[in-house]
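Comments concern the structure below.
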Amino acid sequence: MPAPFRLYNTLSRSMEDFVPLQEGKINIYVCGMTVYDHCHAGHARAMVVFDAFVRYLRFRGWEVNYVRNFTDIDDKIIERANELGEDPMALAERFIDEFREDADNLGLIHPDSEPRVSTSIDAIQALIKTLIEKEHAYENEGSVWYSVPSFSEYGKLSGQKVDELKSADEVPGKRHPADFALWKAVKPGEPSWDSPWGPGRPGWHIECSAMCCSELGTTIDIHGGGLDLVFPHHENEIAQSEGANRAPYARYWMHNGMLTMAGGQKMGKSLGNVFNVQDILLEYPAEALRLYYLQSAYRSALPWNAEALPDALGMLCRLYEAREVAESMGGEEPAAQVAESLGADALKVLEYSEAFEDEFLACLDRDFNTSNALARVFELVRAVNRLGNHKKARKRGGPVVAQALKCFELVSDALGLLGMDVADFMEEVKERRLGAMGISRDEIEGMIADRAQARSDQNWAQADEIRDRL
Ligand SMILES: [Zn+2]
C-alpha cells in the first residue's frame, strides 16, 4: 500500500489524506484569468503551480478532469475597454488569444475544459433562480443580491465574521452590508443579457459556481486559486453553491501563495509593479521561470527580484550539464565496485541516486512540496557534476551515474520540468547571450576545438586557460 497523498486544505486549515470522491478520478477547478490585460509573473505562478500539480496527479495514476475558466465579463474589463475606446467583448477576446499564446510559451498543458462567462449565461441564470427560490437571494430594481445572513456557514473558509463585514461601497437595495451581487442591472454602454430580472450581467462570484457545477458536478474534489481569492471570491462561491445544492462544494481547497515585491507588496497591476510574461520570456526560457516558481513551496509567499531568474537559469544549466556529464561517462564494472575505487564523490552519487525516487516522491506526496523535491534533485546534480571533474570517473563512472540518469528521467516525467525542446531552449539562450556580448558562435566553437586539442595533448594548463576564457 503506497503512502497516502497529503494535501493542505484551506477549509480545515490542516494537512489531510487526499481521498477523491470517486476512486481513481479527480475533478479540479482552478479560477482562471480575468482577461483585461497581459498575463504577468504573479498570474504565471498560479498557472505553473497548478499545471505542475495536475501533471503530478496524472503521473501518480489518477484520471484528472482539469477545468480552468476565463472571466470575460467583469467590471475591470468594461473599465479598461472604456479607457481604450474598445468593445469590452472584443478586448476580452484579444486578451484570451494573448493568454493562450503565453500559456503555450510557458509550456502549460491545456485544461480539459476552459469555460467562459459569456457562454455560460444560461447556467448562471438557472443558479440565480434556484438561489432566489431557496431564499438565499433577492431581487431589487433589476439586480439580484445574495443574502449573506441566509447562509449560516458563511465565513467557514476565510474565518470572516458576517457581523464584522462592511460593504466597500454603499449600494442602495442591499439588505445587509455583506450581501453581494449575483446579477447586475444594465448600465448604459455595458454588455448585457436578457434575464427574468431585466437586462444585465452576472456578478463575478456566481460565474465560477455556475461554470464549476456545469462542468464537474455539484461536489468537486479540489478547488484551486491564488490565496488572494479566499475572501471574498471563494467564500462567496461556497455560499452560492452549497446554498443552491445543499451539498459540499469542494472537498479540498488549495491556494497558492502570492508573488511579492520588495517590502512584501503583492504583485498586481494596481500597484504598478508588473512583469509581463511576454517580456520575461524574451529574456529567459520558460523552464527557468518554472524552476523559479517550483523551487518554493506553492503555499509560501515568493519574493520577486532581479536575481531570481539568472539564478534559476544557472541551476538549469547545471542540471543539463549533469545529464550530459552522466551520459558521456563510460565503463562496465559493477557500480558499487567502481564507486568504491573512485572515492567519496562517486559514493555520494550512488547513495543519492538510490534514495532518490522514494525521497523525491515522498516530498511531492506531502502537500506537493516541490521545494523539498527539487532540493533532492540539485543535491544529486551537484554530486554528478563534482564526479564529472575526475578524469578517471569520465572513463569508468558510467555504471555509477546510470542510476542518476534514471532519476533525471523521473524528474522529467513527474513535473514536466524538462520538456522535449530543452536542447533548443539552451541553444536559444546561448545564442542570445553571445549576441549580447558581441561574440560569434564560430569564435566560441574555435575555442572549444582548441581546448579539446589541448586536452588530448595533455596540455592541462592551456586547456584550463581556454576553459576560463570560455
Ligand atoms: Zn473563480
Side-chain angles (χ1 to χ4, degrees), residues 9-11 27-37 39-40 42-51 53-54 65-78 92 95-96 99 103 108 111-121 123-128 131 146 148 151 154-158 160 180-184 201-245 248-258 266 268-269 298:
N9 190 348
T10 312
L11 188 61
N27 284 335
I28 175 168
Y29 182 93
V30 176
C31 289
M33 292 276 294
T34 298
V35 279
Y36 70 104
D37 208 342
C39 175
H40 66 57
H43 303 129
R45 183 187 186 194
M47 300 300 158
V48 167
V49 160
F50 286 104
D51 178 85
F53 182 62
V54 169
N65 195 354
Y66 172 32
V67 176
R68 186 184 61 210
N69 74 296
F70 283 114
T71 293
D72 62 350
I73 299 161
D74 183 77
D75 293 346
K76 287 175 187 156
I77 296 172
I78 294 168
F95 282 118
I96 286 176
F99 174 80
L108 302 181
D112 299 291
S113 168
E114 291 178 290
R116 300 180 187 196
V117 180
S118 62
T119 52
S120 308
I121 299 290
I124 292 169
Q125 292 191 356
L127 181 56
I128 296 175
L131 286 168
Y146 188 90
V148 169
F151 185 68
Y154 194 87
K156 67 178 172 180
L157 181 71
S158 62
Q160 296 278 343
F180 55 90
L182 301 177
W183 188 260
K184 298 179 172 187
R201 62 186 170 93
W204 175 31
H205 315 298
I206 194 73
E207 306 163 353
C208 281
S209 280
M211 287 186 276
C212 183
C213 185
S214 15
E215 296 288 339
L216 299 171
T218 48
T219 301
I220 63 165
D221 293 299
I222 303 170
H223 195 312
L227 197 60
D228 56 342
L229 297 181
V230 172
F231 185 83
H233 187 52
H234 290 163
E235 192 70 66
N236 291 353
E237 280 191 46
I238 292 176
Q240 294 162 161
S241 296
E242 298 192 358
N245 300 323
Y249 178 37
R251 290 152 52 84
Y252 302 85
W253 284 88
M254 181 176 171
H255 292 101
N256 66 278
M258 296 290 101
K266 187 185 122 183
K269 186 166 159 50
Y298 76 88

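All ligand and atom numbering here is 1-based and tracks the order in the structure.
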Pairing of Lys184 and Asp75 as salt bridge, 4.0 angstrom limit: yes
Glu242/Lys156 ion pair, N-O < 4.0 Å: yes
N/O/S atom name from His233 that is nearest to the position of the Zn ion (ligand 1): NE2
2.8 Å cut-off met by an N, O or S atom of Cys208 to the Zn ion (ligand 1): yes
Presence of N, O or S from His205 under 2.8 Å of the Zn ion (ligand 1): no
Check: Asn69 main-chain N/O paired with Glu114 side-chain donor or acceptor under 3.5 Å: no
Among Pro111, Ser118, Ser113, side chain to side chain contact (heavy atoms under 4.5 Å, CB included) partner for Pro115: Ser113
